[in-house]
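Sequential numbering from 1 along the given sequence is applied to the chain's residues.
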Amino acid sequence: MKPKRNSTPASGIVLISLVLLPLAYVGSYFAVLALPATVRVPSLLTAHSRDIYVKYLAINGDWKCYPDYHGLPEWLFAPVHDYDRTHLRPTLWSGSYPRNLELSFDWMLGENPTTTKPK
């Protein structure tokens, strides 16, 4: 009697691998972003850089937030971060502050009757 061969074809395993690898990549991106700020990746796994990285920047009422990869190279998660920034959570990564009407003199122009003089 012949021994029974494995019934799972190799193409099924390859298909499952092709589905699970991108899910693991995207999951690791969100897992790294969820780490506390004090956690750093061991220095053996990262390239040493003397660059200064900004996490938050505000100019002229517009603000932009940058991800902290906890020591991992930025290029590693750049594709998934671009998708996250443009489609998944755009309000988390950039925006603008509401106008401060107390410092604005638009009420003097009288163009909008709903605006009132600030107190």
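- Closest approach of Ser17 to Pro22, counting heavy atoms only: O-CD, 4.4 Å.
- Distance check: His81 NE2 to Thr86 OG1 gives 9.0 Å after rounding to the nearest 0.5 Å.
- Cluster membership check: Trp75 shares its hydrophobic cluster with Leu33, using side-chain heavy-atom separations under 4.5 Å among Ile, Leu, Val, Met, Phe, Trp and Tyr.
- Under a hydrophobic clustering in which Ile, Leu, Val, Met, Phe, Trp and Tyr are joined whenever their side-chain heavy atoms come within less than 4.5 Å, directly or via other members, Val39 and Val32 fall into different clusters.
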Stepwise side-chain contact (heavy atoms from CB on, under 4.5 Å) check, Trp93 with Leu88 | CA-CA 10 Å; Trp93 299 110; Leu88 296 179; over 6 Å; no
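- Qualifying ring pair (Phe, Tyr, Trp, His ring centres under 6.0 Å) partners for Tyr69, counting only residues two or more places apart in sequence or in other chains: Phe77.
- Note that CG of Leu72 and OG of Ser28 are 9.0 Å apart. Values are rounded to the nearest 0.5 Å.
- No path of Ile, Leu, Val, Met, Phe, Trp and Tyr side chains, each step under 4.5 Å between heavy atoms, connects Tyr29 with Leu35, placing them in separate hydrophobic clusters.
- For residues 88-97, every residue pair satisfying the salt bridge (charged side-chain N to carboxylate O under 4.0 Å, His left out) rule, not counting sequence neighbours, is listed here: Asp84-Arg89.
- In the hydrophobic clustering of this structure, Tyr25 groups with Phe30; members are Ile, Leu, Val, Met, Phe, Trp, Tyr whose side-chain heavy atoms approach within less than 4.5 Å, directly or through other members.
- Leu92 is connected to Val26 through a chain of hydrophobic side-chain contacts under 4.5 Å among Ile, Leu, Val, Met, Phe, Trp and Tyr, so both are in one cluster.
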